[in-house]
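Working notes, structure below.
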Amino acid sequence: MELTNHSMTDLFLQLGLPSEKADIERFIASHRPLPEDVRLAEASFWTSGQAQFLREEIRDDADWAELVDQLNLALRA
């Protein structure tokens, strides 16, 4: 398996979200804290396509899974 080094900026671009550092920080600040009983992909602020992408990446331990985990942690901090 080829490992790709993605950044949080790349993840936000993949999700179709504004991806400048300030945009990412604003997104995280405005959506946290995500309750512990809510799975990341089930959060109400995702579109159905974004939620599906997040679920698949985690389920398949795919290319973006590590960054999805980092985003999950950032939204719960």
Side-chain angles (χ1 to χ4, degrees):
M1 173 168 78
E2 181 180 327
L3 294 178
T4 306
N5 230 354
H6 296 298
S7 67
M8 191 63 72
T9 296
D10 297 330
L11 177 61
F12 272 67
L13 286 170
Q14 183 72 20
L15 290 167
L17 297 170
S19 60
E20 295 295 321
K21 183 178 181 185
D23 297 321
I24 295 168
E25 291 171 354
R26 192 170 22 259
F27 179 91
I28 291 170
S30 69
H31 291 98
R32 80 173 168 205
L34 187 61
E36 288 298 322
D37 64 337
V38 175
R39 291 182 180 190
L40 178 64
E42 304 306 319
S44 62
F45 48 82
W46 301 120
T47 66
S48 60
Q50 290 167 331
Q52 180 179 349
F53 170 78
L54 295 168
R55 272 191 300 275
E56 289 173 358
E57 292 302 303
I58 293 299
R59 181 191 66 221
D60 299 341
D61 195 22
D63 199 30
W64 295 93
E66 185 175 332
L67 276 170
V68 172
D69 283 339
Q70 289 176 20
L71 178 58
N72 184 42
L73 290 174
L75 286 167
R76 295 181 192 281

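Residues: numbered from 1 along the sequence shown.
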Decide side chain to side chain contact (heavy atoms under 4.5 Å, CB included) for Ile28 and Glu25; before the verdict, give the C-alpha distance in whole Å, the side-chain angles of both, and the deciding distance to 0.1 Å. CA-CA 5 Å; Ile28 291 170; Glu25 291 171 354; 6.0 Å; no
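Leu71 approaches Met8 most closely through the heavy-atom pair N-CE, 3.9 Å. For the pair Asp63 and His6, the tightest heavy-atom approach, listed with the atom from each and the gap, is OD2-NE2, 2.6 Å. In terms of heavy atoms, Leu13 sits closest to Ser19 at CD2-OG, 3.2 Å. The two atoms that bring Leu40 and Trp46 nearest to each other are O-NE1, 2.8 Å, heavy atoms only. The shortest heavy-atom contact between Gln14 and Phe53 is CG-CZ, 3.5 Å. Residues Ala41 and Leu54 share a closest heavy-atom pair of CB-CB, 4.1 Å.
Between Leu75 and Phe45, some side-chain heavy-atom pair lies under the 4.5 Å cut-off. Taking 4.5 Å as the limit, some side-chain heavy atom of Leu67 sits within range of a side-chain heavy atom of Gln70. A 4.5 Å side-chain heavy-atom check between Asp23 and Phe12 finds every atom pair outside the cut-off.
Although no hydrogens or angles enter the test, the distance criterion places no donor-acceptor pair under 3.5 Å between the side chain of Asn72 and the main chain of Asp69. Distance alone, capped at 3.5 Å, places no donor-acceptor pair between the Arg76 side chain and the Arg32 backbone.
Within 6.0 Å of atom CZ in Arg39, 12 or fewer heavy atoms from other residues, nucleotides or ligands are found, so the atom counts as exposed in its surroundings.
By the criterion of side-chain heavy atoms lying less than 4.5 angstrom apart, applied directly or through intervening Ile, Leu, Val, Met, Phe, Trp or Tyr residues, Trp64 is not grouped with Leu73; the two fall into different hydrophobic clusters.
With rounding to the nearest 0.5 Å, the separation of CD in Glu66 from CG in Asn5 is 8.5 Å. Here the straight-line distance linking atom CD of Gln52 with atom CD of Glu57 works out to 10.5 Å at 0.5 Å rounding.
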